[in-house]
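Reckoned from all heavy atoms, side chains included, excluding hydrogens, waters and symmetry mates. In each ligand, atom 1 is the first atom listed, and ligand 1 is the first ligand listed. One is the number of the first residue; the rest follow in order along the sequence. None of the values given here were measured: they were computed from a predicted structure.
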Amino acid sequence: MTKERLEKYGLNGYKIPSHVAVIMDGNGRWAKKRFWNRLKGHAEGEKRVDEIVRFSREIGVRYLTLYAFSSENWSRPRDEVDGLMSLLAQSVKKRRDLLLDNNIRLNFIGDLGNVPEKIREAALALSEETSSQSYEMTLTVALGYGSRDEILKAVKEIALQVKKGYLEVEDIDSQVMKKHLYTHDIPDPDLLLRTSGEIRISNYLLWQIAYSELYFTDVLWPDFKKENFVDAIKEYSNRERRFGKTTEQIRS
Ligand code: FPP
């Protein structure tokens, strides 16, 4: 990471989180304030994704994980769900060059079973295409994702292994658990960021954020700019992560 790039954003000397997970909230309220349809808010939110992906890559974030669509979001009004799916399809098409030119791997977590087949295929094809290049950053999109479902799926798979005699109960530890999570090949988030003033986790990465720093901002996602991301990183950098240890242990 060149010093100049960090200097440009006033981030020189700050710790850059390796993995940032984001709950992109507030698209609906952003649109409502303007008397617009909620979908206009999502479309504006999608543009912010582009900016934040580019910025993350520029400052050396290695993993960016975005909550695009939760398992609960399937119960939103039909036109909103359809609109979000078509936004996903456009996004996959439009962002191919961004991902390939910047050595970014696209990864999905969640149950993609309900995503319309054509859109799912295009999304997975781009994921495969970007995974075969040598990559510097992993962009993970949580789609049809729910953390409790993810944990239950893992528990069932592990229980089945025990039942079949492939695994002893005593050998079940957090490494075994991790192997069965959607996030098996990415590290836990260092920083979890949520926009729009809501102070909750909403079934996102519950297992993975055990030791993450949490950052909440009132800014609505469509208004979330690089400068806001810089603020979050500065705050993250100023916090001391102790992982349950004492300050002295961490510093020795
Ligand atoms: C939460 O805002 C946001 C979402 C449910 C969707 C996030 C999607 C994007 C940012 C666009 C990119 C998405 C895809 C699928 C490529 P909200 O609607 O809950 O806002 P509100 O709380 O103000 O109503």
Any ion pair linking [Y] and [X] (charged N to carboxylate O, less than 4.0 Å)?
X	Y	answer
Lys225	Glu227	no
Glu157	Lys153	yes
Glu58	Lys8	yes
Glu198	Arg29	yes

Backbone, side chain, both or neither: what part of Met85 comes under 4.0 angstrom of ligand 1, heavy atoms only?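 Within the 4.0 Å criterion, Met85 makes no contact with ligand 1.
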
Just to be sure I read this right, does ligand 1 sit under 4.0 Å from the backbone of Trp221, its side chain, both, or neither, counting only heavy atoms?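 Answer for Trp221: side chain.
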
Distance-only N or O hit between ligand 1 and Arg29, under 3.5 Å: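 Yes, Arg29 has an N/O under 3.5 Å of an N/O on ligand 1.
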
Geometric N/O contact Glu46 with ligand 1, under 3.5 angstrom: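 Between Glu46 and ligand 1, no N or O pair is found under 3.5 Å apart.
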
Under 4.0 Å from any heavy atom of Arg38, which atoms of ligand 1 are there?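 Reading through ligand 1 atom by atom, the close ones are 17 (P), 18 (O), 24 (O).
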
Can you sort out which atoms of ligand 1 are near Gly28, meaning under 4.0 Å from one of its heavy atoms?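 What qualifies from ligand 1 is 17 (P), 18 (O), 20 (O), 21 (P), 23 (O), 24 (O).
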
Asn102 (side chain) donor-acceptor with Leu98 (main chain) under 3.5 angstrom: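 Yes; judged by distance alone, with no hydrogens or angles, the pair exists.
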
Which protein non-hydrogen atom lies closest to [atom], naming both residue and atom, and how far is it?
atom	result
atom 4 (C) of ligand 1	His42 CE1, 3.8 Å
atom 16 (C) of ligand 1	Leu88 CA, 3.7 Å
atom 10 (C) of ligand 1	Asn27 ND2, 3.4 Å
atom 19 (O) of ligand 1	Arg76 NH2, 2.9 Å
atom 3 (C) of ligand 1	Met24 O, 3.2 Å
atom 6 (C) of ligand 1	Ala68 O, 3.3 Å

Step by step, would you call His42 with Asn27 a side-chain hydrogen bond (donor to acceptor under 3.5 Å, both in side chains)? CA-CA 5 Å; His42 293 313; Asn27 295 348; 2.9 Å; yes

Against the six-membered ring of Tyr236, is Lys15 placed for a cation-pi contact (under 6.0 Å from the centre, within 45° of the normal)?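 Yes, Lys15 lies over the aromatic ring of Tyr236.
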
In Å, rounded to the nearest 0.5 Å, how long is the span from CG of Leu106 to CE of Met137?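 The CG atom of Leu106 sits 10.0 Å away from the CE atom of Met137.
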
Out of Leu87, Ile119, Asn73, Asp25, who gets a non-hydrogen atom closest to atom 5 (C) of ligand 1?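 Of the listed residues, Asn73 has the closest heavy atom.
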
For a quick check under 3.5 Å, do Tyr145 and Glu150 share a side-chain donor-acceptor pair by atom type?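 There is such a pair (donor and acceptor under 3.5 Å, judged by atom type) between the side chains of Tyr145 and Glu150.
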
Tell me whether ligand 1 is touched by Lys32 - counting only heavy atoms on the residue side and a distance under 4.0 Å.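 Per 4.0 Å heavy-atom rule, Lys32 does not contact ligand 1.
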
